[in-house]
A.B. asks: 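There's a structure below that I have some questions on.
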Amino acid sequence: MPRTHVDKVARDLYVLRLDDDETKYFEAIWYIPKGVTYNSYVLVTDEGAVLFDSWKHTYSELFINTLHNVVDPKDIKYVVIHHMEPDHSGSIPKLLERCGCNPTVLGHPLVGNMLRSFYGVEARFTPVKDMEEVSVGGRNLKFIYIPWLHWPDTIATYIKDSGILLTCDAFGGFGIPPAIYDDDDAVVEWYLPLVRKYLATVVGHYREHIVKNVDKLAKLNLEVRTIAPAHGLIWRRNPKIIVDIYYRLARAEPSGRKVVIVYDSMYGFVEQAVKVLAEELSRRGYEVRLFPFTDRDHAHVSDIIGEVLDSYAVILGLSTYEGKIFPQMEYVVRLLIDKVNAEKPVLLVTTYGWGKVSEEYLRSLLKGSQFKVVDVVHIHGAPRGEDIERLRQAAGKFP
Ligand code: FEO
């Protein structure tokens with residue numbers, strides 16, 4: 001059941017948060033059993049209100065009703081669209097239709113056309129330039145382009161007197177945290193794996209732009225006391241935590257000696273092999289995470305991508321399937337290349353019945369990516385004596 005929250009973040013700035021526990025596949029791809037939040041913000045001034053983003057279109061009515069807790073919609077002077085993806089812009093058409101106001105819509109120059117093409121909305125749109133400032137009710141808003149986080153239109157707003165940076169998708173995460181702010185260590189600890197999953201899946205393809213934009217923000221020397229994203233926790237106790245985590249994940253740095261094993265096993269042969277590897281790697285002090293595709297269980301690709309991003313190494317266990325590799329494994333590999341594509345060692349384990357053909361197919365998929373194949377173990381049928389010895393040796397290929 002979706003829940004709403006309204007809270008005062010700082011002087012005259014309010015958050016309107018919707019806890020969406022109904023969407024099962026974010027962007028119709030990423031499995032999110034722990035849900036997601038949409039955070040919209042309202043700045044109330046004596047010259048009118050400024051609305052920053054909204055909620056997914058499904059919740060338009062609820063959004064407008066919730067907005068009434070903070071401001072009469074007819075008093076909205078500006079609507080700032082930080083990014084046009086409909087999880088944030090989706091309730092704006094209904095708001096413009098119903099508010100009885102005629103606000104100026106501010107955003108990246110790309111936003112005006114997208115408003116028309118997405119929603120058929122002819123708004124009073126004024127594009128903002130990078131670093132442009134607007135004053136309203138004595139409050140200074142600075143708009144900062146943060147392109148490709150994760151669309152070209154993404155901008156942030158810095159509210160100077162409060163030291164608040166509204167960042168839209170940047171510094172956000174999946175999940176419905178049991179708090180609005182980062183005040184509680186236990187909540188932060190619960191939330192951070194969902195930040196990693198969000199970053200890897202939604203922004204991962206453009207992760208180099210996270211580094212560029214964090215560097216850009218750092219050079220501006222803004223006094224940022226609060227980071228207020230459009231998903232997940234608001235960072236007011238220690239915003240440096242989320243910036244550092246984004247920066248580290250954007251460079252796909254290993255968080256330790258974690259080895260992610262993704263495998264399919266139609267009749268158990270590959271599973272027997274990867275379990276030998278998992279046991280040997282654990283004995284050698286690695287932390288092993290297993291993601292199976294078997295007749296009992298199918299892993300979620302969104303979890304795999306998140307785990308691989310900060311892994312030390314990856315093992316792919318593959319059945320040979322119609323001269324290629326198991327279809328779900330091909331899907332995983334293609335998404336790993338698209339979303340993670342980092343310089344990480346990869347060990348391949350294949351099983352086959354009548355031909356060793358899957359290695360060539362997999363190498364063709366990996367060609368041009370940054371993943372580096374360090375060893376390949378082929379097993380004819382089920383792993384036995386020499387195969388098991390070979391697997392134990394292969395585990396030693398990771399330094
Ligand atoms: Fe949360 Fe890219 O929208």
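For the single chain, residues carry numbers from 1 onward in sequence order. Atoms considered below: every heavy atom in the structure, side chains included; atoms not considered: hydrogens, waters and symmetry mates. When a ligand or atom number is given, it counts from 1 through the structure's own listing order.
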A.B. asks: If hydrophobic residues (ILVMFWY) are linked whenever their side-chain heavy atoms come closer than 4.5 Å, directly or via other members, who joins Phe398 in its cluster?
C.D. replies: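 Other cluster members: Val259, Ile261, Tyr263, Val270, Val274, Val276, Leu277, Leu281, Tyr286, Val288, Leu290, Tyr312, Ile315, Leu347, Val349, Val374, Val377, Ile379, Ile388, Leu391.
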
A.B. asks: Could you check, using the six-membered ring where one of them is a Trp, whether His57 and His88 have ring centers closer than 6.0 angstrom?
C.D. replies: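 No.
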
A.B. asks: Test salt bridge (charged side-chain N to carboxylate O under 4.0 Å, His left out) on Glu208 and Lys212 and set out the steps.
C.D. replies: CA-CA 7 Å; Glu208 72 196 78; Lys212 285 180 186 166; 3.8 Å; yes

A.B. asks: Does the gap between the ring centers of Trp148 and Tyr206 come in under 6.0 Å?
C.D. replies: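 Centroid distance Trp148-Tyr206: below 6.0 Å, so yes.
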
A.B. asks: For the pair His150 and His83, name the ring-plane relationship: parallel under 30°, tilted 30 to 60°, perpendicular over 60°.
C.D. replies: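 Plane angle over 60°, so perpendicular.
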
A.B. asks: Leaving waters out, which protein N, O or S atoms fall under 2.8 Å from atom 2 (Fe) of ligand 1?
C.D. replies: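 Protein N/O/S atoms under 2.8 Å of atom 2 (Fe) of ligand 1: His83 NE2, Glu85 OE1, His150 NE2, Asp169 OD2.
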
A.B. asks: Which heavy atom of Pro177 sits nearest a heavy atom of Leu233, and at what distance?
C.D. replies: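 The pair with the smallest heavy-atom distance is CB-CD2, 3.6 Å.
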
